[in-house]
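Keep in mind the model is a prediction, meaning the values are calculated, not measured. To find a chain, count down the sequence lines: A is the first, B the second, and so on, and within it residues start at 1.
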2 protein chains.
Amino acid sequence: MPSDAIRAALIERLRVSSAIAEEDIREVEALPISVRQFPAETAVVRDGERATDCCLIVDGFCARSKTLANGKRQILSLHIPGEIPDLMSLFLHVMDHDLSTLTPATLGFISHEALQKLHRRSPRVAEMFWRDTLIDSAMFREWIVNVGQRPAPARLAHVMIELRERLRMIGRLDSDSFEMPLTQEQIGEALGITAVHANRVIRQLRQEGIVELNRGRVTVLDERKFQELADFEPRYLHQSPTL
Amino acid sequence: MPSDAIRAALIERLRVSSAIAEEDIREVEALPISVRQFPAETAVVRDGERATDCCLIVDGFCARSKTLANGKRQILSLHIPGEIPDLMSLFLHVMDHDLSTLTPATLGFISHEALQKLHRRSPRVAEMFWRDTLIDSAMFREWIVNVGQRPAPARLAHVMIELRERLRMIGRLDSDSFEMPLTQEQIGEALGITAVHANRVIRQLRQEGIVELNRGRVTVLDERKFQELADFEPRYLHQSPTL
DNA sequence: GCACGGTTCCAACAAAAGTTAAGGACGCGG
DNA sequence: CCGCGTCCTTAACTTTTGTTGGAACCGTGC
């Protein structure tokens, strides 16, 4: 993948979430990025580690998670190309959770040093990245609501719609279906339910003709019912830079 | 309350979470703050509103929450003096959740304008506030884990210990008991359970001789059992500035 | 082609949590 | 001091979710 294309994903994302000036784009494009390939289901940074780089997803899906002493795992967020899931490590030096790949992924690493230098030089770029971490935070808030207050079928629908809207933002929503490359085990970990119950919920949504989930691909059968179930309010994604 | 004392709470907090230089302290102390009193159970900023100020808690307890279309409410975080719960509104201009008081509270408002000016001038101060929002984010992650993976009694214990440790940080842990001024209804909203079930859980912990909860005050009966139940790992609070 | 591991799927039973309803404690204002 | 409202408390019953265990499916490597 050419170097330009790698940066394009990042720029595209920042353009969506912030009002970015042309000269700032040039600054961001000048950031040195070292690219590496990761297989599926692989840790990128682990809980307790001290990070020295931030990780830009060039291609593939990632997830952040925490594992308890008793082995139970909670998925905190899903991540798609153009995002920097561990931007927070810039100032929270030791990781408090894991970042790992869901699918085979192409990741670009940007050193903390380079990032710190850049935004000491350019407060506008700093604010842009700051805003990015704040949107991340807003998504966690919604995730709390999802896990805490919605019944399991609604939780699943909500996570699906959030993912779909984010894929749409980066122009990766080709057809009426979209990718959600999680096993049922992982879906359970995301929703705070067991894999068995995740299976039940998926079956139920299929039987009710709302949505079909097959080998990591979501096909919506009844858009109206789907939205009604998910109770999705996109404001928390803070898509409009001016708002 | 004298103006100095108001700022002291904030400085104290920033000192704990970041390595702050003396000249930066002076900058922060120079911030204009307008103080107002709020009764208990009152909205400070509401979901959907556009904020123009950030709110420093001088005295009292606050909580952030989101309310769903069906009326269900999820509490996202609890806040104590010295914190700025809506710092995020600086760059996420329209609120995606509510901020309200739990007890009567003294709040200091700092205009976005003043804050923006300050950290354009001083990147170090900006980084300090940025870090503050990142810790906020880390606490949301742990809250997700709590609601998603722990059984209800452990959830309650975890929230209690988190609160206790934070009160300790700001030097407000007088004795063996501490304040947690939530009704059982609100405890339910924080843990993602109903008020009835919250009551059951509280009773259970009392009967097992682990912890007592009485009119907003927590008394630990068996510290060992309490900690074991809560499964509390303080790393996510990122207390040490150097880490 | 076949064995293998990881998923998916499912059913029966157990446990946790939600719902409804109602009585009691407590503080506040008249 | 009484009445009222809020919170706390509890019980009985229902629903959701977890647990256990097992069968079917599917792609991969041999």
Side-chain angles (χ1 to χ4, degrees), chain A residues 39-42 63 68 70-75 100-104 146-157 179-208 211-219 229, chain B residues 39-42 61 63 68 70-75 101-104 146-159 179-208 211-219 229:
Chain A
E41 300 283 336
T42 311
L68 296 181
N70 63 17
K72 291 196 180 191
R73 199 169 86 119
Q74 174 69 45
I75 289 181
S100 40
T101 60
L102 289 167
T103 62
N146 204 38
V147 171
Q149 297 299 335
R150 280 190 262 261
R155 285 185 216 179
L156 178 56
E179 268 187 275
M180 187 166 100
L182 304 190
T183 64
Q184 295 188 353
E185 177 75 42
Q186 292 164 335
I187 289 173
E189 289 169 348
L191 306 183
I193 59 179
T194 58
V196 174
H197 194 53
N199 181 276
R200 270 199 285 255
V201 170
I202 292 165
R203 190 199 331 170
Q204 187 193 326
L205 294 193
R206 186 180 359 245
Q207 280 170 357
E208 290 178 359
V211 70
E212 168 83 29
L213 178 53
N214 212 305
R215 276 197 252 107
R217 184 154 274 276
V218 180
T219 311
L229 178 63
Chain B
E41 300 281 338
T42 311
F61 286 75
L68 296 182
N70 63 19
K72 293 197 179 189
R73 199 169 86 118
Q74 174 68 45
I75 289 181
T101 60
L102 289 168
T103 62
N146 204 38
V147 171
Q149 296 300 333
R150 280 189 262 261
R155 285 185 217 178
L156 177 55
H158 195 277
V159 166
E179 268 188 276
M180 187 166 102
L182 303 190
T183 65
Q184 296 189 354
E185 178 77 41
Q186 293 165 334
I187 290 174
E189 289 169 346
L191 306 184
I193 61 181
T194 59
V196 174
H197 194 53
N199 181 277
R200 270 198 285 255
V201 170
I202 293 165
R203 189 199 334 172
Q204 187 194 327
L205 295 194
R206 182 176 7 239
Q207 281 171 356
E208 290 177 359
V211 71
E212 169 82 29
L213 179 53
N214 212 307
R215 276 199 251 104
R217 184 155 275 276
V218 180
T219 311
L229 178 63

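Atom C1' of nucleotide dG18(C) and atom CG of N70(B) are separated by 14 Å, given to the nearest angstrom. A straight line from CG of L213(A) to P of dT7(C) spans 14 Å, rounded to a whole angstrom. Separating the CD atom of Q149(B) from the P atom of dT17(D) is a distance of 14 Å, rounded to the nearest angstrom. Going from atom CZ of R206(A) over to atom C1' of dC9(C) covers 9 Å, rounded to whole Å. Look at NZ on K72(B): it is 14 Å from P on dA17(C), rounded to the nearest Å.
For the pair Q74(B) (side chain) and A190(B) (backbone), a donor-acceptor distance under 3.5 Å is present. Side-chain atoms of T183(A) come within 3.5 Å of backbone atoms of Q186(A) as a donor-acceptor pair (strictly under, hydrogens ignored). T42(A) places no side-chain N or O within donor-acceptor distance of the main-chain N or O of T101(A), the cut-off being under 3.5 Å.
Scanning for side chain to side chain contact (heavy atoms under 4.5 Å, CB included) contacts around N70(B) gives L68(B), K72(B), with sequence neighbours left out.
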Might you list the N or O atoms of the protein lying below 3.5 Å from N or O atoms in nucleotides 24-30 of chain C, with each pair's distance?
none

Name the pairs: protein N/O against N/O of nucleotides 28-30 of chain D, kept only if under 3.5 Å.
none

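Direction change of the helix axis from one end of the helix from dG1(C)-dC30(D) to dG30(C)-dC1(D) to the other is 30°, with five pairs defining each end axis (rounded to 10°).
For S100(A) against R73(A), the heavy-atom pair with the smallest separation is OG-NH1, 4.3 Å. Of all heavy-atom pairs spanning P153(A) and Q204(A), the tightest one is CG-OE1, 4.0 Å. Here the shortest heavy-atom pairing between A63(B) and I75(B) reads CB-CG2, 4.3 Å. Here the shortest heavy-atom pairing between V201(A) and A152(A) reads CG2-CB, 3.8 Å. Taking every heavy atom of both residues into account, A40(A) and L102(A) meet most closely at CB-O, 3.5 Å.
Using modelled atom types, one finds no donor on one side chain facing an acceptor on the other under 3.5 Å when comparing R155(B) with H158(B).
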* **N214(B) and T219(B): CA distance, side-chain angles, deciding distance, side chain to side chain contact (heavy atoms under 4.5 Å, CB included) verdict** => CA-CA 8 Å; N214(B) 212 307; T219(B) 311; over 6 Å; no
* Asked: Does the side chain to side chain contact (heavy atoms under 4.5 Å, CB included) test come out yes or no for L229(A) and V211(A), once each step is laid out?
  -> CA-CA 11 Å; L229(A) 178 63; V211(A) 70; over 6 Å; no
* Kindly determine whether I187(A) and M180(A) satisfy side chain to side chain contact (heavy atoms under 4.5 Å, CB included), including the steps that lead there. => CA-CA 10 Å; I187(A) 289 173; M180(A) 187 166 100; 4.0 Å; yes
* Just do the side chain to side chain contact (heavy atoms under 4.5 Å, CB included) check on E185(A) and E189(A) with the steps written out, would you? => CA-CA 6 Å; E185(A) 177 75 42; E189(A) 289 169 348; 3.8 Å; yes
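Sorted by residue number, the members of residues 196-205 of chain A with any non-hydrogen atom under 4.0 Å from DNA chain C read V196(A), N199(A), R200(A), R203(A). Residues from residues 179-193 of chain B lying near DNA chain D, meaning a heavy-atom separation below 4.0 Å, are T183(B), Q184(B) in numerical order.
Separation of atoms CG (L156(B)) and CD (Q184(B)) is listed at 10.0 Å; rounding is to 0.5 Å. Note: R150(A) CZ to L191(A) CG = 11.0 Å, rounded to the nearest 0.5 Å.
Here the nucleotide nearest the side chain of R155(B), chosen from dC9(C), dA17(C), dT17(D), is dA17(C).
At the heavy-atom level, A152(A) lies under 4.0 Å from the strands shown only through sugar-phosphate atoms.
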